[in-house]
Number of protein chains: 2
Amino acid sequence: MTLRSKPKNGFRNRLLNGLPPPALRRLRKHLKEVTLSRRDSLHEPGKPFRFVYFPETAMASLLTVLKDGTQTEVASIGREGMVGLPAFLGAKRSARRAICQMPGTAWRLSAAELVRQTHRGGPLSDLLHRYAQALFTQMAQLATCNRLHTIEQRCCCWLLMTHDRVEGDEFYVTHEFLSEMLGARRSGVTVIAGTLQRAGLISYTRGRVTILDRRGLEKAACECYAIVRREFDSLLRA
Amino acid sequence: MTLRSKPKNGFRNRLLNGLPPPALRRLRKHLKEVTLSRRDSLHEPGKPFRFVYFPETAMASLLTVLKDGTQTEVASIGREGMVGLPAFLGAKRSARRAICQMPGTAWRLSAAELVRQTHRGGPLSDLLHRYAQALFTQMAQLATCNRLHTIEQRCCCWLLMTHDRVEGDEFYVTHEFLSEMLGARRSGVTVIAGTLQRAGLISYTRGRVTILDRRGLEKAACECYAIVRREFDSLLRA
DNA sequence: GCTCCTTTGTACGCCAGCGCACACAAAATG
DNA sequence: CATTTTGTGTGCGCTGGCGTACAAAGGAGC
């Protein structure tokens, strides 16, 4: 049970990897590999889309930003997806913020070229449609989850989703950053981090999270994780 | 400031109404006008899409259903949209539940025909892409709203969105039903209904809501309403 | 080694909203 | 007109999570 897959086309990104060779050839020369650092901004609310990104080892977050500056995560995007779906859907400007959450590499494509290559349908368009559907599920579930589930449950969900998208069982995220994603207090996250450590599910020191007991985490999470996960698996299996 | 618009093609639904005549002619013979009653189920989680719906006077809700049966609203769909977007996006089965929230009429189209007519792009496909983008914004904002805002604010948002989608200033919804949509207690909604009435913003007796002071409601709501509203207006102006 | 900064641990008072329970009124039904 | 159902008003104790504050524990640089 993992989102990782053997590169077939030399791409780890599942969307690119899922393209048939001719479609990939058309796209290939427009793709540029870029390295993203933690907190790099990929899109800003109200700003035009210049590029979209297909994460390889990097991972991004979609954030809603409120007037007072508060921002919370509404979706996370790793190698299973693309950052900038609205550009494909015909939006000229981003409605949300997108930032790099875990540093790494991604393939960058100009928004204009994306539109050009998907304008009349085709395999890339089909893949992005399916991805859009998966993203809908992720957001819908998060809306419900945010309303009904405890911070502890949601924190477990977050750790699991991140674990799915990174290499290995270890990644870097501070309580502070995580609390912002979850829309909670930093000290609330600290308490939960303590609970999860004492339960032997993770180890967590100074930003260094290690997943020790995935099964246990899945039990401690709400059903939302499994629902989203299943949807991604079934839609992007193709 | 209203989502309503003069029918150009004899359709109140803004997507159908926005189609150029040739595209509309192709679609027309496959559309069947249906009357929907409150709480009619349009799609069920896990079940195949047979039809999609373009509401005229009816209004629908998209709900996430949890294992324990709890369901909460993740989006509402009126004449500005279509129920069953995932069918257009290539999903065979619905991931969520869709029900009729306000009775009325809608144009029904078979999911297969929708796919056929949008397969290679075209005006309907373009419109649905833009609508998908608007729906993303609605869901993203709701996820944030559910996390950060009070029930009172969210209740005002809900009333405003509904007001935008129905004829006139009056509609029917019980505290019980509203509380389910908001993911709150029935008695919590009752208290807030009282507050809003005492403030002269609405009148509300036995399911009969009348919007008395829209401006006031907009002030009592969080910014989420305005954000979603602006996005819909700008994307569907076309 | 010492200093500074980031990150974490912990505590305390507070309140929005929950779960539950019960009473009552208006409408529907027989 | 009596009875049942549906919808509303209200109260009470409880708790998850907030806002805030402060101190301690790594690390990074000098």
Side-chain angles (χ1 to χ4, degrees), chain A residues 37-39 66 68-73 101 144-159 170-199 201-210 220-222, chain B residues 37-39 66 68-72 101 103 143-159 170-199 202-210 220-222:
Chain A
S37 307
R38 179 167 277 117
R39 284 172 185 276
L66 297 182
D68 67 359
T70 325
Q71 47 184 17
T72 59
E73 193 178 46
Q101 185 187 100
T144 301
C145 194
N146 276 348
R147 184 73 201 100
L148 300 174
H149 298 144
T150 64
I151 303 218
E152 178 165 342
Q153 292 175 305
R154 303 195 302 108
C155 188
C156 291
C157 276
W158 196 94
L159 292 172
E170 208 173 297
F171 49 90
Y172 179 88
V173 63
T174 63
H175 294 182
E176 175 73 39
F177 184 81
L178 180 48
S179 75
E180 206 174 344
M181 294 302 105
L182 295 175
R185 280 174 319 148
R186 193 273 309 162
S187 52
V189 171
T190 300
V191 171
I192 282 150
T195 314
L196 297 179
Q197 282 184 90
R198 258 170 275 117
L201 304 181
I202 59 171
S203 95
Y204 199 163
T205 38
R206 302 190 72 72
R208 180 152 247 93
V209 185
T210 313
C222 45
Chain B
S37 307
R38 177 166 281 120
R39 286 175 183 274
L66 298 182
D68 66 359
T70 326
Q71 48 183 19
T72 59
Q101 185 187 100
T144 300
C145 195
N146 276 347
R147 185 72 200 98
L148 300 173
H149 298 143
T150 64
I151 303 217
E152 178 164 345
Q153 292 175 305
R154 301 195 303 109
C155 186
C156 292
C157 275
W158 195 95
L159 292 172
E170 209 174 297
F171 50 88
Y172 179 88
V173 63
T174 63
H175 295 181
E176 176 72 40
F177 184 82
L178 181 47
S179 75
E180 206 174 344
M181 294 300 105
L182 295 175
R185 278 174 320 147
R186 193 273 309 162
S187 54
V189 171
T190 300
V191 171
I192 282 150
T195 315
L196 298 179
Q197 281 184 93
R198 259 170 274 118
I202 60 172
S203 95
Y204 199 162
T205 39
R206 300 190 69 74
R208 180 151 246 94
V209 186
T210 313
C222 45

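- Rotation axes derived from the C1' atoms of the five outermost pairs at either end of the helix from C:dG1-D:dC30 to C:dG30-D:dC1 lie 40° apart, to the nearest 10°.
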In 5'-to-3' order, the base (B), backbone-only (S) or no-contact (-) status of each nucleotide in nucleotides 9-16 of chain C, using a 4.0 angstrom heavy-atom cut-off, is BBB-----

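- Dashed line: the shortest gap from a side-chain N or O of B:R154 to OP1 or OP2 of C:dG17 is not under 4.0 Å.
- Here A:F177 lies out of heavy-atom contact (under 4.0 Å) with every strand.
- Of the residues near DNA chain C, A:G207 and B:H149, the one whose nearest nucleotide (by heavy atom distance) lies more toward the 5' end is A:G207.
- Per the geometry, CD belonging to A:E176 stands 20 Å off P belonging to D:dG26, to the nearest Å.
- B:T190 and B:R186 share a donor-acceptor pair across their side chains, judged by distance under 3.5 Å alone.
- Side chain of B:R198 to main chain of B:A193: no donor-acceptor pair is present (N/O by atom type, distance under 3.5 Å, no hydrogens or angles).
- Taking atom CD of residue B:E180 and atom P of nucleotide D:dG7, one finds them 12 Å apart after rounding to whole Å.
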Under a 4.0 Å heavy-atom criterion, the protein footprint on nucleotides 25-30 of chain C, written with B, S and -, is -BS---

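- Side-chain contact between A:Y204 and A:L178 is present, with heavy atoms from C-beta onward closer than 4.5 Å.
- Put simply, CD1 on B:I192 is 9 Å from C1' on C:dG17, counting in whole angstrom units.
- Nearest-nucleotide positions on DNA chain C for A:R208 and A:R147 put A:R208 closer to the 5' end.
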